[in-house]
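Take a look at the structure below.
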Amino acid sequence: MAEEKRIVLRNYGKIDPLSIDDYINAGGYKALEKARSMGQKEVIDEVKNSGLRGRGGAGFNAGTKWGFSYSTEADQKYVVCNADEGEPGTYKDRIIMENDPQSLLEGMAICGYAIGATKGFIYMRGEYPYVAEIVQKAIDQAKAKGVLGGFDIEIRLGAGAYVCGEETALIESIEGHRGEPRFKPPYPGVAGLWGKPTVVNNVETLANVPVIIEKGADWYKSIGAANYPGTKVFTLSGDVVNKTFFELPTDATIRDVVFGMGGGIVGGKKFKAVQIGGTSGGFIPESLLDTPVDFDSMAKIGATLGSGAVFVMDEDTDLIDVIERITKFFEHESCGKCTPCREGTKRMHEILQKVNGGNGTADDIALSEKLGKVMSRACLCGLGQAAPAPFLTTLEHFKADYDAKLV
Amino acid sequence: MADFKDIIKEYQHIPGGIIEAYNAIQKEYSYIPEDAIAVAAKAFKVSKAEAYGVASFYSYLKIGERGKNVIRICESAPCHIAGADEVIEALEKELGIKMGESTADGKFALEFAECVGQCQSTPVITINRKPYGDLTPEKIPAILAEYK
Ligand SMILES: Cc1cc2nc3c(=O)[nH]c(=O)nc-3n(C[C@H](O)[C@H](O)[C@H](O)COP(=O)(O)O)c2cc1C
Ligand code: FES
């Protein structure tokens, strides 16, 4: 069984999150100092070679992303931290920010130095005003100490919109607009916030950066899966014994997460399914539990690693009822900009309501399967593209559950 | 209570700060007074339609009156299977209103929410964005008493 390894959460429980001195005494801000003694390109190469891939869901190589902004000429560039954490079942960014806010700030400052940005924003979900207070105190302390040099960080609070976790919708929201995703390209790395080159990275991605600079790319690369190195912070919910967070090397398996660290199913019941990566993730049956959790292995089984949310369901769970609930989520959170998502999420919810209510037919299932396939290709952003995944994967792995409810 | 005009003034120098201003107004009022939309539009140099469009886009922003203490019940899947429905029933009964309504004395508003990031202790509600976890119908009266 895989054992916990804390890189992102290295200071968890060891320092007072509200004391920058604690952070500095634990070796904090040495990495920023080291980065500043290196060339910008050198810092980017170090991050690139470490193999660090985005922890926000898309799994893009962080150093490569920084490289786009570095090599785009502009009078102003920005570092944006995505702290929107909207995927149901996810609370890892909160745990990181509540317990070690300085390591996020240090990661942002290193990114700022590397790409040539003097300004950073943390886009924090509106649900987390109490986390924003902690991070604001950390920013004030870092400013007072002068550790950030000329790098300025500002928090912006969201107001309850899942789609604002999508990076271009997030940028729209910081600019004070409705959070509707933009057409890509151009990507934010080239033209993002107020049209300037902007790196958007997740909290967990950025919190990895100081350690990578301090210990080097080779050290990082040697941990976890070769194609998605390092660790991942998982947050457990549902019918699992240990409903809490763990940080595991990425070569752990789903079974390690659910039955190892997670302690298995509550009340000695049988396992039914696990949904990983948030509410847009695929449902995984028992037969696939030995799949490694890294990004690419999960993609191979038609699932996602996503945010690392792990939602466990026991044998008594009515999966069709859960899927109906999820389709309602997407109908509510669709921003309405593109037709396949606006209409598709609504119709999908309607059909699932019908099926869950015991009034659905095989034709309804066939229709929503077709609709789901269209949506996953035709929708403008990841919201609509991923929205059908819970339905499609349960249809694949748990067809009998649907059949039992059809007329 | 701070006037919404003063709150908007405080934020109008911030590029894109209209959402910050709306959040700050709600902290005072618990909602956005309708008149505040036109004032915000002027201050942030956007059309009234856009200022309204922004306020109506975000589910935590509410144009027009609602109860002072906003209770939100998370209905995302993890809270759903943990018994969010029973918590909703208990809240509706205790307050004598339905989801989406406010109490006649203006003290409480009941609203749905999606995941609030406290899924280690499902089911979860928030009151004025402060989370309360591991809820059962029995725990509701004592929590509400804090706000009465
Ligand atoms: C609908 C939708 C919601 C998203 N929500 C989040 C989120 O809450 N947090 C996050 O970091 N990334 C989220 N993403 C991914 C971001 O678009 C983006 O890929 C990420 O912030 C990049 O950072 P990373 O490379 O460090 O992961 C979301 C994407 C989509 C399509
Ligand atoms: S699912 Fe309800 S708090 Fe996360």
Enclosure of B:Glu94 CD (heavy-atom neighbours >12, cutoff 6.0 Å): yes
B:Thr103 and B:Asp105 side chains, donor-acceptor separation under 3.5 Å: yes
Atom group of B:Ile81 that falls short of 4.5 Å from chain A, counting heavy atoms: side chain
Contact origin within A:Leu157 toward chain B - heavy atom pairs under 4.5 Å: both
Side chain proximity check, B:Tyr60 to B:Glu111, heavy atoms < 4.5 angstrom: no
Side chain proximity check, A:Thr279 to A:Pro390, heavy atoms < 4.5 angstrom: no
Positions in residues 37-58 of chain B that reach chain A, provided some heavy atom is under 4.5 Å away: B:Glu50, B:Gly53, B:Val54, B:Ser56, B:Phe57, B:Tyr58
Side chain, backbone, both or neither of A:Asp93 within contact of chain B (heavy atoms, under 4.5 Å): neither
Flag side-chain contact, heavy atom, 4.5 Å: A:Val135 against A:Met124: yes
Within 45° cone of B:Phe112 ring axis and under 6.0 Å: A:Lys328 NZ or CZ: yes
Any donor-acceptor pair under 3.5 Å from A:Glu315 side chain to A:Lys270 backbone: yes
Which atoms of B:Ala82 approach chain A - backbone, side chain, both or neither, heavy atom under 4.5 Å: neither
Neighbour count >12 (heavy atoms, 6.0 Å) for atom CD, B:Glu89: no
Part of residues 133-148 of chain B lying next to chain A, heavy-atom separation under 4.5 Å: none
Engaged part of A:Arg156 at the chain B interface, taking heavy atoms whose separation is under 4.5 Å: both
Segment of A:Thr90 engaging chain B (4.5 angstrom heavy-atom cut-off): backbone
Donor-acceptor pair between B:Gln120 and B:Gln118 side chains, under 3.5 angstrom: yes
Face-on cation placement of A:Lys119 at A:Phe121 ring, 6.0 Å and 45° thresholds: yes
Distance flag, aromatic centroids of A:Tyr12 and A:Phe245, threshold under 6.0 Å: yes
Mutual orientation of the aromatic rings belonging to A:Phe329 and A:Tyr162 [parallel < 30°, tilted 30-60°, perpendicular > 60°]: perpendicular
Validation row: A:Val312, A:Asp314 side chains within 4.5 angstrom (heavy atoms): no
Side chain, backbone, both or neither of B:Thr126 within contact of chain A (heavy atoms, under 4.5 Å): neither
